[in-house]
Structures are given as structure tokens and as C-alpha cells.
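A short write-up of the structure that comes next.
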Amino acid sequence: MPDIVPCGSAQRELDAGELLSWFDVHGRDLPWRDAGVSAWQILVSEFMLQQTPVSRVLPIWLEWVARWPTPSATAAAGSADVLRAWGKLGYPRRAKWLHECAVVIAAEHDDVVPDDVATLLALPGIGSYTARAVACFAYRRPVPVVDTNVRRVVARAIDGVAGPGSPAPVRDEAAVAALLPDDDVAPRFSAALMELGALVCTARNPKCGVCPLSSCAWREAGYPASKAPARRVQRYAGTDRQVRGRLLDVLRESDGPVTRAQLDLAWTSDTAQRDRALDSLLVDGLVEQTSQGLFALAGEG
DNA sequence: GTCCTGTTAC
DNA sequence: GTAACGGGAC
């Protein structure tokens, strides 16, 4: 019998055996998937993997968990060193939130990462995806883990459309919950779904020729193109985001506070934009001004 | 919905 | 050159 989704309509199934067999052979050997990796180290990997490909996360994660293996070790580090270790992973607010997470877990949770979705959701920088990923991969809770890869796989294999429609992660969580095997392979099933989306069922140029799924609604419908309007492009060059990156580069490379003049050299083409970027870094708490009027990474010294 | 980075693929 | 990529906070 097909599983019943909350809206009451029958939902197509996905063969867990096919998916898991494929994952056994083709899944990447990523260090945060190894046995014995702690919940905190898995949480760190999930923070880093938000918006950032595995290849860039790997070296930073290895260095990071060796240096700060527990929440309390991370909390004891200054946030400036945490921002430096984050390097050019991007979206440095994540590094700040990760440090704040460590402080809260060390102080309020006995240095133990919470194991339930609701408690995890209350931590800074942890949203629905990360809360579920930690509960599932660190504590083997059979909760649906829905990232953009999973949403795309479900849209195609189950719903027969090219990609997820308007943002409705709650609906996708229900759909994945209905697909989830109810035994202890749920965490491997979720990892395999994400891996299929990352390696085979990719956004562009999906490799349908090597897909392990014998049943796919999108294939059976003849690969209909997306009806959604083309997504807005998110530029980088010339944006405030790039300017913020340049300013942080200067501060990361400096051992201590720098003058405003040194910082100004990081972006000279548009001084109003540079001022706006610096102001936003101060507002975000990533940069602080010293009593002498110098600028430093937050938590320096 | 808008804003946050930086790299890689094309 | 430029487009694609992606969770969370607001």
C-alpha cells in the first residue's frame, strides 16, 4: 500500500533498497560520516556545509575539530580566532553563530549538543535543516532532513516536476517523512537522498543515465521543463558582500586592530559602498571598534 | 520576500 | 566574463 501524505492523496514510493545500495558504492567517504565523530563535530560540519560545497569545507573542518573538539573548547576560544579559522568559507555570520552555539551548549547544556529538534532550533544559526540534520546524523533520530538536494529529488522522483516549487519546506518534510524507512536505516536513507541530489540528481545536467532509481515520475513524464520563472541571479562581483569579504580579509590577516586608513585600502573604488559595508560588519558584530578608534575582528584581545 | 560569501562551471 | 550554487535571519 502506498504511504499516505498529510493532504490525503496517495504518494509515489521511493525504493529505499535501490537508494541504499547505490549509496554503499558511490557515497563519498566524508570524515564527518565516520563512526565515532561527536555530535558537536557533526554540528560543526553542518554549519560549514550550509551554502558551501564539500570540497571547500573538508580542510577547514579537519583543522577545526582537531583544534576545538568540544563546545567548551570552542567557547573558550576568542571569537576573533574563530573568525580567522573560518577563513574564506564565506558567510562569516555562520562562524559567529557557531561560536555563540558553543557558548550556549557549554553553559546551558552541560557541554552536550541537544538531541531533539525543538531544542536545537532554539540555538543561534540553527534552522530547520541543521536541527534535523544534527538530530538525525548525530543521534539517529528518524526525522526528515530536507535540504535543497532532497527537495529537488522529491520534486522529480515523486512529483514529476523539474524542481521544487515555491518555498514550502514543511510540505517537503511531510513528503520525506512518508518516504523515510521506519527502522534504524533512516539516517543512512537521508544521507543517501542528499548524496543522490548532490552527485546524480543535480540542478543542472542531471546524470539520469546513472540514476539508481527504477521509478522516477519526472523521467516517466518525459523530463518536463520547469514552469517556474527563471530564478533571479545572485551576483557577487561588485556587491556589498564582496566588499565585506575584502574588509574581513584585512582584519583576518592582521594580528591585532588596524587603522581606518588601512581598512580603507581594501576597497577604494566606491567609498560610500565601503563605508556601508563596514557599518554592516559592525552591526553584525563581526567587527568591533576599539577605544582608540581602531578596528578589529569581534572578540580580539 | 531580501540580505548574507566565494568558488567553480560554463 | 558571468552565471550557478545554497541555509538562516530578518
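The chains referred to below are lettered A, B, ... by the order of the sequence lines, with proteins before strands, and numbering in each begins at 1. Basis for what follows: all heavy atoms, side chains included, without hydrogens, waters or symmetry-related copies.
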- D255(A): what forms a side chain to side chain contact (heavy atoms under 4.5 Å, CB included) with it, not counting sequence neighbours? none

- Message: Distance check, P atoms only: dC10(B) and dG6(C), in whole angstrom units.
- Response: 14 Å

- Item | Interatomic distance, L247(A) CG vs dC4(B) C1' [rounded to whole Å] | 14 Å

- Task: Under 4.0 Å from any atom of DNA chain B, heavy atoms only: list the residues of residues 263-274 of chain A that qualify, in numerical order.
- Result: none

- Any ring-ring contact (aromatic ring centres under 6.0 Å, His included) pairs touching residues 175-209 of chain A, not counting sequence neighbours? none

- Y223(A)/W218(A) aromatic ring centres below 6.0 Å: yes

- Kindly state each residue pair satisfying side chain to side chain donor-acceptor pair (under 3.5 Å) with at least one member in residues 57-71 of chain A, sequence neighbours excluded. T70(A)-S72(A)

Produce the list of close N/O pairs, under 3.5 Å, pairing protein atoms with atoms of nucleotides 6-10 of chain B; give distances to one decimal.
from   : atom 1 : to      : atom 2 : distance (Å)
dG6(B) : OP2    : Y236(A) : OH     : 3.0

- Message: Please enumerate all residues that pass side chain to side chain donor-acceptor pair (under 3.5 Å) together with R276(A), with sequence neighbours excluded.
- Response: D240(A)

- Query: With a 4.5 Å heavy-atom cut-off, do L98(A) and W86(A) have their side chains touching?
  - Reply: yes

- Item | Residues in contact with DNA chain B, drawn from residues 113-136 of chain A - heavy-atom cutoff 4.0 Å | none

- Message: Give me each pair satisfying salt bridge (Lys or Arg N to Asp or Glu O under 4.0 Å) with a member in residues 194-223 of chain A, each pair once, sequence neighbours excluded.
- Response: R12(A)-E220(A), R28(A)-E195(A), R33(A)-E195(A)

- Item | Integer-rounded Å distance: dG8(C) C1' and M48(A) CE | 17 Å

- Euclidean distance, atom CZ of residue R276(A) to atom C1' of dC3(B) [Å, nearest integer]: 12 Å

- Query: Rounded to the nearest Å, what distance is computed from the CG atom of residue D240(A) to the P atom of nucleotide dC4(B)?
  - Reply: 5 Å

- Using atom CG of L98(A) as one end and atom P of dG8(C) as the other, report the distance to the nearest whole Å. 13 Å

- R274(A): side chain to side chain donor-acceptor pair (under 3.5 Å) partners, not counting sequence neighbours: D264(A)

- Message: Taking side chain to side chain donor-acceptor pair (under 3.5 Å) as the definition, give me every residue that meets it alongside Q50(A), ordered by chain and number, with sequence neighbours left out.
- Response: T130(A)

- Could you list all the ring-ring contact (aromatic ring centres under 6.0 Å, His included) pairs where at least one residue sits in residues 128-151 of chain A, not counting sequence neighbours? none

- Query: Starting at CG of D147(A) and ending at C1' of dC5(C), how long is that distance when rounded to a whole Å?
  - Reply: 12 Å

- Message: Using the side chain to side chain contact (heavy atoms under 4.5 Å, CB included) criterion, which residues pair with Q242(A)? Sequence neighbours excluded.
- Response: Y236(A), A237(A), T239(A), R246(A), W267(A)

- Pick base, sugar-phosphate or nothing for A237(A), based on heavy-atom distances below 4.0 Å to the nucleic acid. nothing

- Query: Please give, in whole Å, the distance from dC4(B) C1' to D279(A) CG?
  - Reply: 15 Å

- Between C1' of dG7(C) and CZ of R152(A), the distance in whole Å: 14 Å

